[in-house]
> 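Before I ask anything, let me first share the structure, which is written out below as structure tokens.
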Amino acid sequence: SEQEQQLKPSSVAGGKNGVAPATLNKPLSAMLSNWSTFSFAPIRESTVSRAMTRRYFADLDAYAESDIVIVGAGSCGLSCAYTLGSLRPDLRIAIVEAGVAPGGGAWLGGQLFSAMVMRKPADAFLEELGVPFDDEGDYVVVKHAALFTSTVLSKVLRMENVKLFNATAVEDLITRQTDDAAGGIRIAGVVTNWTLVSMHHDDQSCMDPNTINAPLVISTTGHDGPFGAFSVKRLVSMKQLEQLGGMRGLDMQSAEDAIVKGTREIVPGLIVGGMELSEIDGANRMGPTFGAMALSGVKAAEEALKVFDL
Ligand code: AHZ
């Protein structure tokens with residue numbers, strides 16, 4: 001009978017501690033205990049290749065002209081993408097992430113501990129995402145940082161107007177001269193390459209990059225490090241910033257307000273958020289508390305919509 005088909009995992013069959021047993025959907029239930037007749041639908045290898053490459057090249061084609069490029073898919077970049085993508089499903093948003101795995105430093109709370117702390121009022125962002133947390137008064141705790149990161153990531157990746165290009169590094173910024181006499185520039189997109197290629201410019205030749213044009217770039221590449229603070233360091237070498245303030249030591253109390261409030265357009269066409277901003281402003285780091293990353297992402301999205309004058 002249909003009911004018999006809906007087999008339950010044996011550990012919970014019959015209910016454990018009076019809890020009603022969970023069920024899987026009908027097609028999956030039908031597979032249980034039927035493995036002897038099991039077989040996948042047929043496939044040819046080239047079909048798999050084409051299924052991937054056709055979509056990727058269509059995306060490269062479509063997103064070569066984007067409305068917004070977000071550089072870095074850490075906690076700030078993803079929070080920004082979620083906010084922008086939710087508010088403006090009409091905008092084409094490319095996220096370029098150097099790592100194979102998006103998420104930056106937000107897969108763990110601090111050191112190698114699992115839980116993620118956010119100070120209030122950043123719990124509003126968790127409520128928005130539907131991420132459960134323990135309310136500890138002035139702060140909240142998500143039981144595993146990966147729960148926050150995987151949730152925001154899954155919501156962003158479902159958005160029709162957002163494409164994540166991971167394993168892809170931003171190697172440079174596209175610039176245009178502005179009309180002002182001081183020789184100012186505006187940022188007009190990003191220069192990209194496969195990250196593995198970017199890492200081999202010293203020992204291989206002729207590996208020119210690719211480009212994405214966009215009237216607005218939001219850089220959230222984290223504080224200085226092998227990959228971090230990319231755009232702001234480039235602003236210095238392009239002489240658009242005299243020098244960086246340099247991230248200061250840890251002061252949890254003051255650092256988070258400074259990062260959220262300071263999230264802004266630094267040169268025309270380039271908004272900087274998250275810990276990358278600490279390198280411009282000489283702001284303190286906050287250590288293992290992530291509320292400022294989420295809300296800096298939200299503010300970066302709001303600043304972006306102002307730039308779009310919408
Ligand atoms: O791989 C980087 C990471 O995923 C990516 N990235 C950096 N340079 C890039 C480039 N092209 C493309 N040139 C690039 N991607 O940017 C992401 C940055 O994520 P993150 O988690 O390092 O930064 P965040 O500002 O989102 O979060 C910072 C979290 C920190 S650091 C900190 C402290 O040191 O005290 N405290 C917190 C909460």
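Note that the numbering runs from 1 along the sequence shown for the chain. Ligands are counted one by one from 1 in listed order, and the atoms in each one are counted from 1 as well.
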> Can you name the nearest heavy-atom pair linking G273 to C76, along with the distance?
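For G273 and C76, the tightest heavy-atom pair comes out as C-SG, 3.8 Å.
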> So which atom in G105 and which in F290 form the shortest heavy-atom distance, rounded to 0.1 Å?
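Of all heavy-atom pairs spanning G105 and F290, the closest is O-CZ, 3.7 Å.
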> Cut-off 3.5 Å, no hydrogens considered: what does the side-chain donor-acceptor table look like for residues 140-149, sequence neighbours left out?
residue: H144; atom: ND1; partner: A146; partner atom: N; Å: 3.0
residue: T149; atom: OG1; partner: A106; partner atom: O; Å: 2.5
residue: T149; atom: OG1; partner: A145; partner atom: O; Å: 3.3

> Between R264 and D281, is there a side-chain N and carboxylate O pair less than 4.0 Å apart?
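Yes, charged N to carboxylate O under 4.0 Å.
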> Does the pair K120/D138 count as a salt bridge with the N-to-O cut at 4.0 Å?
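Looking at D138 together with K120, the answer is no, because their closest N to O distance does not fall below 4.0 Å.
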> Take atom CE in M207; do more than 12 heavy atoms of anything else shown fall under 6.0 Å from it?
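For M207, atom CE is crowded (more than 12 foreign heavy atoms under 6.0 Å).
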> Which protein N or O atoms sit under 3.5 Å from any N or O of ligand 1? Give each pair with its distance.
residue: ligand 1; atom: 1 (O); partner: E97; partner atom: OE2; Å: 2.6
residue: ligand 1; atom: 4 (O); partner: E97; partner atom: OE1; Å: 2.6
residue: ligand 1; atom: 4 (O); partner: E97; partner atom: OE2; Å: 3.0
residue: ligand 1; atom: 8 (N); partner: F227; partner atom: O; Å: 2.9
residue: ligand 1; atom: 11 (N); partner: V170; partner atom: N; Å: 2.9
residue: ligand 1; atom: 13 (N); partner: V170; partner atom: O; Å: 3.0
residue: ligand 1; atom: 15 (N); partner: A98; partner atom: N; Å: 3.0
residue: ligand 1; atom: 21 (O); partner: G105; partner atom: N; Å: 2.9
residue: ligand 1; atom: 25 (O); partner: M275; partner atom: N; Å: 2.9
residue: ligand 1; atom: 26 (O); partner: S75; partner atom: N; Å: 3.3
residue: ligand 1; atom: 26 (O); partner: C76; partner atom: N; Å: 3.1
residue: ligand 1; atom: 34 (O); partner: H223; partner atom: NE2; Å: 3.0
residue: ligand 1; atom: 34 (O); partner: R285; partner atom: NE; Å: 3.0
residue: ligand 1; atom: 34 (O); partner: R285; partner atom: NH2; Å: 2.6
residue: ligand 1; atom: 35 (O); partner: R285; partner atom: NE; Å: 3.0
residue: ligand 1; atom: 35 (O); partner: G287; partner atom: N; Å: 2.8
residue: ligand 1; atom: 36 (N); partner: G287; partner atom: O; Å: 2.9

